[in-house]
Amino acid sequence: MPELPEVETIVRGLSRHVVNRRIQNVEFLWPGLVTGDAEEATAHLRGQRVTALRRHGKYIVFELQRRRSKSCLVVHLRMTGNFIVGGDPGPHTRAVLHLEGGPALVYHDIRKFGRWQWSEQLPHRLGDLGPEPLEISQEDFVPRLRARRGMAKALLLNQEFLRGLGNIYADEALFRARIHPRADSAKISKARAAGLHAAIRNVLSEAISQGGSTINNYVNSEGSQGYFQLRTAVYGKTGEPCKVCAAPIRRIIVASRSTHFCPRCQRR
DNA sequence: CGAGTCCTGTGT
DNA sequence: ACACAGGACTCG
């Protein structure tokens, strides 16, 4: 479900409830949630103090410490994972994280795609991720984009290129930059690549300020919804008139994902 | 590259 | 009954 803005919203909402608190207990209601053995993970997590909570692309990293030894709990929400502070467990609750002196974190995940992983060091996978889209400079982004070839949309979805973009914000950024989703990234002009850099920054920061997008059932950690879905220009707007030129928005498949664009504003 | 896989729910 | 869903891995 969540892309960078939704994960950022969740992390901001969770931080004040978890940072500096100690994990009292973890209940895995669906043992497949955690990679490895659930009992072993529970034993490791009990008694750990959460020293920091960070977002790394679409990953949530709980930094942990017990005495001198540091470790971390890495969570990826995938399509339908979510944390609610002090919520009531329901049919889709997969885990409950009990914290000393604070409300429990209830983890829901309808489709069971999300994963929790405990480890002593940051998993290598996180090291393979590309830069944060809101941190990379235009000077670094433009040559990085033009050095790759393949369809622009596929590149934006590739977490090794940039970490955090997903289907909604990839479509919205390409629309704002007037780039066809199937455009070859190597052939995008420097000016247009600079425009894409700005478009990505703008769409992500606007979405964060709106608390992310609530398409189906996403809510933030306090249980309220985001509002950016009301502002999308192309995502989920198939057949509706383009806000700029009034041509009907089209839906095609790119990189095996449903892709929305304006055939007039985004020419190949 | 695309297709299949992991899952469950919703809308047509 | 079927298509589709905010993700990402594995395979051919």
Side-chain angles (χ1 to χ4, degrees), chain A residues 1-11 28-35 55-60 74-83 90-95 107-117 123-130 133 148-175 181-186 200 203-204 206-208 210-221 225-239 249-260:
Chain A
M1 144 175 93
E3 305 180 34
L4 187 154
E6 291 76 32
V7 180
E8 179 67 23
T9 302
I10 290 168
V11 165
F28 289 106
L29 283 72
W30 178 65
L33 173 64
V34 62
T35 54
R55 180 187 59 74
H56 197 84
K58 299 175 193 169
Y59 289 83
I60 301 172
V74 177
V75 174
H76 197 303
L77 306 169
R78 293 286 185 99
M79 295 287 264
T80 53
N82 204 358
F83 279 104
H92 302 118
T93 302
R94 310 303 180 196
Y107 178 83
H108 304 284
D109 188 355
I110 295 172
R111 293 175 71 179
K112 301 181 180 171
F113 287 170
R115 287 295 178 272
W116 290 22
Q117 187 178 5
H124 291 297
R125 182 129 268 148
L126 295 191
D128 293 336
L129 297 179
R148 310 282 290 245
R149 45 197 192 79
M151 295 183 286
K153 164 92 182 250
L155 191 58
L156 294 188
L157 292 178
N158 182 348
Q159 304 296 298
E160 290 176 25
F161 177 67
L162 285 181
R163 58 181 195 243
L165 283 175
N167 213 29
I168 297 177
Y169 301 107
D171 282 1
E172 294 299 316
L174 289 170
F175 171 76
R182 290 198 172 120
D184 182 350
S185 54
I200 291 168
V203 75
L204 292 178
E206 285 171 33
I208 289 171
Q210 294 293 305
S213 300
T214 295
I215 298 296
N216 227 341
N217 44 26
Y218 161 80
V219 287
N220 67 22
S221 49
Q225 60 164 359
Y227 293 96
F228 190 77
Q229 74 283 1
L230 302 174
R231 303 200 178 191
T232 60
V234 289
Y235 184 85
K237 303 288 188 190
T238 311
I249 300 302
R250 283 187 55 192
R251 177 182 172 279
I252 58 175
I253 302 295
V254 179
S256 304
R257 306 296 298 282
S258 137
T259 297
H260 314 75

Next on the checklist: In whole Å, measure the gap between the P atoms of dT10(C) and dC7(B) for me.
Outcome noted: 15 Å

Checklist entry - In whole angstrom, what separates Lys237(A)'s NZ from dA5(C)'s P? => result 15 Å

Checklist entry - Which part of the nucleic acid, if any, lies within reach of Arg251(A) when heavy atoms closer than 4.0 Å are counted: base, sugar-phosphate only, or nothing? => result sugar-phosphate

Next on the checklist: What is the distance, to the nearest angstrom, from the NZ atom on Lys112(A) to the P atom on dG7(C)?
Outcome noted: 21 Å

Checklist entry - dG6(C) and dG11(B): how far apart are their P atoms, nearest whole angstrom? => result 15 Å

Next on the checklist: Can you tell me how the ring of Phe28(A) sits relative to the ring of Trp116(A), calling it parallel under 30°, perpendicular over 60° and tilted otherwise?
Outcome noted: perpendicular

Checklist entry - Between dA3(B) atom P and Ile253(A) atom CD1, what is the distance in whole Å? => result 9 Å

Checklist entry - In whole angstroms, how far is the P atom of dA5(C) from the CG atom of Asn167(A)? => result 8 Å

Next on the checklist: Considering every strand and a 4.0 Å limit on heavy-atom distances, what is the contact class for Ala154(A): base, sugar-phosphate, or nothing?
Outcome noted: nothing

Next on the checklist: Rounding to an integer number of angstrom, what distance separates dC4(C) and dA3(B) when you compare their P atoms?
Outcome noted: 13 Å

Checklist entry - Looking at His108(A) and Gly90(A), what are the two nearest heavy atoms and their distance? => result CE1-N, 4.3 Å

Checklist entry - When we call it a touch if two heavy atoms are under 4.0 Å apart, what does Gly150(A) touch: a base, just sugar-phosphate, or nothing? => result sugar-phosphate

Checklist entry - Can Phe113(A) be called stacked on dA8(C) when the rule is centres closer than 5.5 Å and an angle between planes below 30°? => result no

Next on the checklist: By the 4.0 Å heavy-atom rule, please label Tyr169(A) as base, sugar-phosphate, or nothing.
Outcome noted: nothing

Item to check | Sequence-distant partners of Arg163(A), salt bridge (charged side-chain N to carboxylate O under 4.0 Å, His left out), two or more places apart | outcome: Glu132(A)

Checklist entry - Can Glu6(A) and Tyr169(A) be counted as having a side-chain donor-acceptor contact under 3.5 angstrom? => result yes

Checklist entry - Starting at CZ of Arg148(A) and ending at C1' of dC1(B), how long is that distance when rounded to a whole Å? => result 14 Å

